[in-house]
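Scroll down for the structure; my scribbles are underneath it.
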Amino acid sequence: MQYYGGLGIYQRLVDFAGAGATVPLSGFGNLLAKGAIQKVKEIGLVGAFTGGTAAAAGGIAAAVFFGYIASLVSKPKIKKQ
């Protein structure tokens, strides 16, 4: 059985649109949902809370890391009022 997201259509959109559908915020939500559902099947209800973040851990870590690097490189400017 293949899971198609909360409304049952997102995976079909990914199959049709390709990588463009997996990059934006909706793709991240789809990844969280798939991870949670997979973990619920493996370990039960606790998987609903841990599966999504485990599935998206690489993307979350990369966002935090590159955000930190950007904060070191850029200089904040205070607006004059």
### Query
Quick one: which of Lys34, Lys39, Lys41 gives a side-chain contact (heavy atoms from CB on, under 4.5 Å) with Ile37?
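The passing option is Lys41.
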
Under 3.5 Å, which donor-acceptor pairs do the side chains of residues 49-74 form with other protein atoms, sequence neighbours left out?
{"residue": "Thr50", "atom": "OG1", "partner": "Val46", "partner atom": "O", "Å": "3.4"}
{"residue": "Thr53", "atom": "OG1", "partner": "Thr50", "partner atom": "O", "Å": "3.2"}
{"residue": "Ser71", "atom": "OG", "partner": "Tyr68", "partner atom": "O", "Å": "2.6"}
{"residue": "Ser74", "atom": "OG", "partner": "Ala70", "partner atom": "O", "Å": "2.9"}

For Ala48 and Ala36, which heavy atoms make the closest approach, and how far apart are they?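 Heavy atoms of Ala48 and Ala36 come nearest at O-CB, 4.0 Å.
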
